[in-house]
Number of protein chains: 2
Amino acid sequence: MEYRQLTHPYGANRVREPEGALPQAARRLDASGPLHADEVAIEVERLNIDSASFHQIVEEVGRREDAVARRIREIVDDRGKMENPVTGSGGMLSGTVGAVGPSYDGPVEVVVGDDVATLVSLTLTPLSLSQIRGVDFDSHHVAVDGRAYLPSSAPLAPMPADFDPQLALAIFDVCGAPTRLPELVDDVSSALILGAGRSGMLCAAAAREATPGSIELYGLDRDPSNLEMLSREGVLDDYRTGDATDPMGTLEQVQVMMPGDERPELVVNTCNVEQSEMASILTCRPGGTVYFFNMATDFNRAALGAEGVGQDVELVIGNGYAEGHATFALELVRQYPVLRERIERHVASSA
Amino acid sequence: MEYRQLTHPYGANRVREPEGALPQAARRLDASGPLHADEVAIEVERLNIDSASFHQIVEEVGRREDAVARRIREIVDDRGKMENPVTGSGGMLSGTVGAVGPSYDGPVEVVVGDDVATLVSLTLTPLSLSQIRGVDFDSHHVAVDGRAYLPSSAPLAPMPADFDPQLALAIFDVCGAPTRLPELVDDVSSALILGAGRSGMLCAAAAREATPGSIELYGLDRDPSNLEMLSREGVLDDYRTGDATDPMGTLEQVQVMMPGDERPELVVNTCNVEQSEMASILTCRPGGTVYFFNMATDFNRAALGAEGVGQDVELVIGNGYAEGHATFALELVRQYPVLRERIERHVASSA
């Protein structure tokens, strides 16, 4: 196997421009062979285009398969990665391991032929395409023949045998969220989960698993259906239907759920909406922690918002990566069949 | 003393529009009397207009005292607060306590006549002006006759007798930063402070005070002068001149300072520049903590950046408020006369 000795922990030697940048910040990556010694090569079969990016492309070129395929091809040929120049977003990819460099030292052991998914954004993954086989307008999945190169630092995961690939990808997409919960609920007597989508459900289940019986767990979402299920399963102690963009309304809901003037010591914000910072901050007990796993969070709104109401709480940015996150999330779903069913339903409704 | 019984912990009853908003998010506040039962009234003597806001106003109306005064008056009359509609930023105010409501229960005890400064943004402080006495184009200070109403939840601080008001305000402005350091350095053997301006110097001193001798403290800034001082004083063990917007360059500097393949367990980002997220994330030891006290931090860049390089680190948003923060920061400056001198120099150079 031919490969280059040149190695770099973060794939910076794949950056073409600007010089000195890391792959995510780069305008253009070098996605050409051969393999570097510390990389893994993936024979790419499918791109899961980020929703914002997919919609922008369809808006730009029209809802025609050939036109969308051409635009994706143009972007990848130009940039060496599938980063939409308008939205700045990417997506993920899946395929099989094509080659493993001799000094590759990734997060999981892989051998040639393994089915894998990358758990990093396409915005930093060196990618070349030889063919686009089809575009699915519902799932935003694009069947391709292509090749990607990942450095050892880039998280990836083997596809589990007992999950449909679509389901596995839907779990991988948010697997960073629940993995930190066991640490966050340690020594905490109560927690509130805002949002009961995929990440909210996984976070609630992770909190309950980590501290069975010893924590009071509350939930709030606009839609009660997942909350009802979590409550029936004994994951949540109580829940309310409410709007996390309304801080005072959310605080009132919490006061109804928690007796006395108690507030949760941990608030987990998984709502994918803007303007939910203040509801998270206000409902948290002074000295507690607010964990934002919500990409619509505004740093300044959180920092200044807490200051404005004199709330001494720790504000944590949800890191998309945590060691063993993919395995952790899959295992959680195995333990809660209803969670699996809900996420399958989510996949089906978005497909 | 006449006052209204109507009370509200976060001053939401001072919001005129939109209904249900908290003061910061409001377009218009009610800054009229009388005092509410849980408020303190401040006879305002000086507004310290936020730098971005001040420059925008000067650009809009020209560098003429009467024109700037008129524009400030217009904004406050229209909005009931000094929130620049273009920049969205405010500033702080100082004055004397004019009245204290019977159920006021603020962060510090105050009596009528006390000199105080508010430690929350003018963007959420109900304010009316009867006169503008003068505008200082260098310091962005505006001498006024006005009145502000603060709810119990809004942080404020008495002006210390042993500090010039300008110096005290310059410390109050960043006092949230160092207050969390003692907790963050607990059980940590090494820390890196990025940026050596006011917050960086205060954070370094707070870390050293909390763990005398038992922690290795490193610094990095574009300008070495404050770093040299901190090193001479025994606060920093080592430092380098460098650019935190260059992640790989910063990592190399850290590798030179720390022997073996060690990295700091805590990275404190106090650089007030964009694009310094990755330098903070890359230089942190896996399992460590990155504390962002930097308003130019982008939530998504931090969350996705850490994921992209597979860095399992805790990412913390610096909260502008912490219990006792003003007192803590003043005490720190009293303990380090050179720190006082440097901040005085900063005040003089920006005045």
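The basis for the numbers below is simple: all heavy atoms, side chains too, and nothing from hydrogens, waters or symmetry mates.
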Find the one option among [options] whose heavy-atom pairs under 4.5 Å with chain A are most numerous.
options                : result
B:N300, B:V120, B:L304 : B:N300
B:L282, B:N294, B:D246 : B:L282
B:L119, B:V313, B:T123 : B:V313

Exercise for the section: Check whether any side-chain heavy atom of A:H325 sits under 4.5 Å from a side-chain heavy atom of B:E307, and report yes or no. Expected result: no

Exercise for the section: Flag the pair B:F299 / A:D298 as yes when at least one side-chain heavy-atom distance between them is below 4.5 Å, and no otherwise. Expected result: no

Handout entry: B:E323 versus chain A, the contacting section by heavy-atom distance below 4.5 Å
Key = both

Practice task
Let me know if B:F292 has heavy atoms under 4.5 Å from chain A in its side chain, its backbone, both or neither.
Solution key: both

Exercise for the section: Mark yes or no for whether B:N319, through its side chain, and A:Q311, through its backbone, hold a donor-acceptor pair below 3.5 Å. Expected result: yes

Closest heavy-atom contact between [X] and [Y]?
X      : Y      : value
B:A302 : A:I317 : CB-CD1, 4.1 Å
A:G318 : B:A303 : O-CB, 3.4 Å
B:P155 : A:G308 : CD-O, 4.4 Å

Side chain, backbone, both or neither of [X] within contact of chain B (heavy atoms, under 4.5 Å):
X      : answer
A:V290 : neither
A:I281 : neither
A:Q24  : side chain
A:P107 : neither
A:L22  : side chain
A:R180 : side chain
A:M295 : both
A:L251 : side chain

